Amino acid sequence: MEAAAGGRREAALGGLAVLPDEVLCAVVDLLPPADIGRLACVSSVMYILCNEEPLWMSKCLSIGGPLEYKGSWKKTTLSRLGLCSENDENLQKPRQFDGFNSLYLYRRWYRCFTSLSSFSFDDGHVERKDDLLLNQFRSQYDGKGPVLLTKLAETWPARTKWTVQQLTKDFGEVPFRISQRSPQKITMKLKDYVSYMQLQHDEDPLYIFDDKFGESAPALLEDYSIPHLFQEEFFDILDYDQRPAFRWLIIGPERSGASWHVDPGLTSAWNTLLCGRKRWALYPPGRVPGGVTVHVNDEDGDVDIETPTSLQWWLDIYPHLPEHEKPLEFTQLPGETIFVPSGWWHCVLNLETTVAVTQNFVNQSNFQHVCLDMAPGHRHKGVCRAGLLAVPGNSVKDNENHPSVPMSGWNHPDMSRKEKRFKGSESLSTSNSINHCSAFEFSGVQESLENQEFSYDIGFLSQFLEKERDHYSSIWSPTNSLGQREAREWLRRLWFLKPELRELVWKGACLAINVDKWYSCLEEICACHNLPLPTEDEKLPVGTGSNPVFIVSGNVIKIYAEGGLAYSVHGLGTELEFYDLLQKSGSPLINHIPEIIASGFLEYEDDIYRTVPWDGKGMPDVLVKHYPLEVSYANSCFPLGLWSKQRFGTSSSPDVSNRPIWPYMVTRKCKGDIFARIRDVLSKTDILPLASSLGVQMRNIHLLPLPHMEHVPKSGNSDVKDCDDAAVLPEWQQLVSTLNRRMKNVKKHLANWGNSVPQALIEKAEGYLPPNMDFLIKFVKDDGDLVHLLPSWIHSDIMDDNILIEGITESSSFSNSKGSYEADPEKMNAIHIIDFSDLSIGDPLCDIIPLHLDVFRGDTDLLREFLRSYQLPLLRGQANTDIYKSVKNSKFSRASYRAM
């Protein structure tokens, strides 16, 4: 029998009594609901811990999907899992126990039931203005400090229509997105959410924070307009489906709110309150609030902010802050609009049920900061958010007087403060884990900071960019407001649609994609080959590939930056060898690919760019100087061509050369439009000629003879696994070796894809694979002899952005709309295929699968038309006979199996 009174905890928990209650709760939260139910039967204290509402709220939100609250989170969870009925007696009669006290549980209970009515209106530290002229706003507040505007929304219909009662009446059946700390997306019908608000007593209540409300309830967009001060928006030149999330409908009860954060991508924001009251707290850029930790991944720059809930911060941390450490704060009333500049930390607590609308935007003031935040790396991202707190080992102070907000004593006091705010930054200095703060190492930058103060000025922040990173081809953070390809398209559209701002756009492009470096390379290439210099319209790269590409006076200039020197050199060398074979064989494909004008290397040495022409034959001195790796085919005509590339691909050795040298190629611009740009305005009938022409040209690629292969001794490098099967043709051996090595790690590889592949299939993956990958390239005849298949040239990147199609007349370009086009069926079978830098060898299916999925989008009619002109079979044997007639019926020989 359990002891009574003060001894209940020890008797009920046994050896677990040494653990604090918060640790016990965290452990219980790791269990599935069924196990929590079993654990609740162990003892009275476990019963208490296993029936806590925050626990069951966490379990319920981890399920995701549409949600209807049943009056308690335990009942809601069990109902969603089908583990209880509506009138289950066990849910209606909770047990009571005396003799157990927990300060941790009490504080959590207090936060769930506390009232915020004591927060009264105050003048605060933020200026209140009725309205401002645009020039006043730009000169006094934009990019400088927050301002509260009281009359911007006076004429909005939303001022009277956006009450909880009226919204429920008009949109009660509409599901809205819920913002909550859950990996799953959760939606609730508005009527169910309003019912939840009335019933709940959660510490961190569910909060409608819906960026798609304009799609689910478009009538709401008619009830407000963007205030005149915030109408400049650089993201609006993108199509709607390309834009990052930018507007949100916000509805929440008392105690809900937004915890400490900096707005995404360093954008600015305005927030208009329609009903209720909100309490705001703000810190200038670089001032990490107490109790908040900024984590920056030093591999991809991903930023994660660890912060208590809004309510918890106000109740537990705010009261203990000394006066000089407290934030700017104010209470927002209905009809008021707050402007939050780029980079400002802010936290919001709803004092009562509120309805609001907010939008983020990019304008001239914050454009360079947004571009800076897109750039790869972690140093600048950490400094933009945590200030010089992100620079370990420096005796530097933050700017004590932030522009337009003169507040004394805002500097961080000492190193212990750094440890508190940027947790683990010293002790975790060697960690690359995404779960830890990054250790910022600034080399030469540290010395220059000796006597500097933090500033949000773009000139100060940009010095923390990692100069050794190639901003064009390095991995960008997955939390960036735009991906790499979208960002390049965005900058190019700005360049054409806002010519009056080209100086500003150029500065942003230099920060985001290093365009100044690539433009210097472009000028040197043009000068070397007597090409016209770029015009103003031609200064930015085009396309969405991983290498800088410029179009200058009808010439396409491509600089190979992707994958490091060894990768890019083999890309150019193989492409030049492929073109040489086309010329010698007289293949008709030559009329459907770009014409090469020049190629070579760019070298940057002693602050000067120098070009060295190269046609792929022989090893130029400049490459020997920068390329220390062993070249297996140094004596062949194309020493860095196809077979060297295949050999290089089997090695896991890193590219050790970091010297500034880049291969390049100049080709004549092909006629036609990029298919990716116009496909959405074309009908299937329009695309059928393209499918037919693609079949002919892909067959021409796959029929092109392979270059002569010289015998190469087995590699002494342990990283290169040579194929020991003497029956495998030499052309296949390196590829088979690579595939066999990858097959051994297939489970790990699939698991790294995340949740896209079910675990049950991952466990069975090895059963779908042959015991040796050479089964996919050799077959058995009925008489028992082997039939070997020859590999084919593989383009490896047949996507809709590498196909040009003629016969399309475009009426407009660089427009917000898709534009209008006219198709000429007689000319639409004239196509060009571009970008052969990923050339390889293998099974033709390696080209046809992505072509079907990306170019044809899975349309079987288009695939059928393609195959009709491609002319099966897909495989070639050593003789010109149809191997399908002699191959034994085996699953490994079927095209469907190889495709899988």
Side-chain angles (χ1 to χ4, degrees), residues 472-473 488 492 518-519 521-535 537-562 567-602 611-617 638 640-642 645 662-677 694 697-698 700-701 704 793 795-806 830-839:
Y472 197 94
S473 59
R488 295 172 203 157
R492 187 162 175 79
W518 301 119
Y519 183 73
C521 294
L522 175 66
E523 288 184 310
E524 174 60 26
I525 294 171
C526 290
C528 174
H529 298 289
N530 297 317
L531 301 174
L533 289 176
T535 65
D537 286 348
E538 297 170 337
K539 291 179 70 173
L540 256 61
V542 302
T544 57
S546 300
N547 296 299
V549 177
F550 297 85
I551 297 180
V552 179
S553 300
N555 301 306
V556 178
I557 302 174
K558 175 180 178 178
I559 303 170
Y560 292 72
E562 182 183 15
Y567 181 88
S568 57
V569 164
H570 279 103
L572 176 60
T574 302
E575 195 165 352
L576 292 171
E577 184 176 33
F578 178 79
Y579 274 82
D580 184 71
L581 284 169
L582 282 177
Q583 295 283 359
K584 291 177 178 178
S585 66
S587 170
L589 179 65
I590 199 72
N591 299 316
H592 295 271
I593 63 174
E595 173 193 356
I596 295 181
I597 298 173
S599 58
F601 295 96
L602 271 165
T611 55
V612 180
W614 182 60
D615 62 0
K617 300 177 180 179
F638 288 87
L640 293 166
L642 173 66
K645 182 177 184 178
W662 302 276
Y664 70 87
M665 177 185 283
V666 183
T667 60
R668 192 78 65 199
K669 184 179 183 298
C670 298
K671 296 180 180 180
D673 293 284
I674 294 176
F675 181 55
R677 286 191 56 214
L694 272 174
Q697 302 313 325
M698 291 306 299
N700 286 333
I701 292 176
L704 188 70
W793 281 98
H795 183 283
S796 300
D797 195 19
I798 289 292
M799 302 293 181
D800 57 5
D801 55 353
N802 284 330
I803 298 170
L804 278 75
I805 180 172
E806 295 186 50
I831 68 165
H832 289 87
I833 300 173
I834 61 174
D835 192 0
F836 286 80
S837 58
D838 290 322
L839 278 166

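The figures that follow rest on heavy atoms only: side chains count, while hydrogens, waters and symmetry mates do not. Along the sequence shown, residues are numbered consecutively beginning with 1. If you're wondering where the values come from, they're calculated on a predicted model, not measured in any experiment.
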Heavy-atom pair with the smallest gap, counting every atom of Trp793 and Leu704: CD1-O, 3.2 Å
Taking the side chain as every heavy atom from C-beta outward, state whether Phe836 and Ile701 have any atom pair closer than 4.5 Å. yes
Considering all heavy atoms of both residues, which atom of Tyr560 and which atom of Ser568 are nearest to each other, and what is their separation? CB-CB, 3.6 Å
If the test is ring pair (Phe, Tyr, Trp, His ring centres under 6.0 Å), which one of Trp614, Trp518, Phe601, Tyr567 qualifies with Trp662? Trp518
Counting N and O atoms only, with roles assigned by atom type, does the side chain of Arg488 sit under 3.5 Å from a partner on the main chain of Pro541, one being a donor and the other an acceptor? no
Expected output: side-chain His529 to main-chain Ser599 donor-acceptor under 3.5 Å: no
Between Asp580 and Gln583, is there a side-chain donor-acceptor contact under 3.5 Å, judged purely by atom types and distance? no
Please name the residue in the list Glu575, Met665, Arg668 that meets the side chain to side chain contact (heavy atoms under 4.5 Å, CB included) test with Ile596. Met665
Run through Asn547, Leu522, Thr611 and flag the one making a side chain to side chain contact (heavy atoms under 4.5 Å, CB included) with Tyr664. Thr611
Is any side-chain heavy atom of Lys671 less than 4.5 Å from a side-chain heavy atom of Leu804? no
Kindly write out the residues that satisfy salt bridge (charged side-chain N to carboxylate O under 4.0 Å, His left out) with Asp537, not counting sequence neighbours, or none if the list is empty. Arg502
Nearest heavy atoms of Pro532 and Cys526, plus distance in Å: O-SG, 3.7 Å
Side chain to side chain contact (heavy atoms under 4.5 Å, CB included) between Met698 and Ile833, worked out: CA-CA 9 Å; Met698 291 306 299; Ile833 300 173; 4.0 Å; yes
Between Asn555 and Ser553, a side-chain donor and acceptor under 3.5 Å: no
So which atom in Ile593 and which in His832 form the shortest heavy-atom distance, rounded to 0.1 Å? N-CD2, 3.9 Å
In Å, rounded to the nearest 0.5 Å, how long is the span from SG of Cys670 to CD1 of Ile831? 10.5 Å
Looking at Thr667, Val552, Ile551, Val549, which one forms a side chain to side chain contact (heavy atoms under 4.5 Å, CB included) with Ile557? Val552
Determine whether a donor-acceptor pair (N or O, by modelled atom type, separation under 3.5 Å) exists between the side chain of Ser796 and the backbone of Asp838. yes
Over all atoms of both residues, closest heavy-atom pair of Leu589 and Phe578: CD2-CZ, 3.9 Å
Mind checking the CD1-NZ spacing from Ile525 to Lys558? Nearest 0.5 Å is all I need. 12.5 Å
Any donor-acceptor pair under 3.5 Å linking the side chain of His592 with the backbone of Leu694? no
Taking ring-ring contact (aromatic ring centres under 6.0 Å, His included) as the test, write out the residues that go with Phe550, two or more places apart. none
Is a side-chain N or O of Asn802 found less than 3.5 angstrom from the main chain of Asp797, in a donor-acceptor match? yes
For Leu839 and Lys645 the tightest heavy-atom approach is O-NZ, 2.8 Å
Rounded to the nearest 0.5 Å, what separation is found between the OG atom of Ser837 and the NE2 atom of His795? 8.0 Å
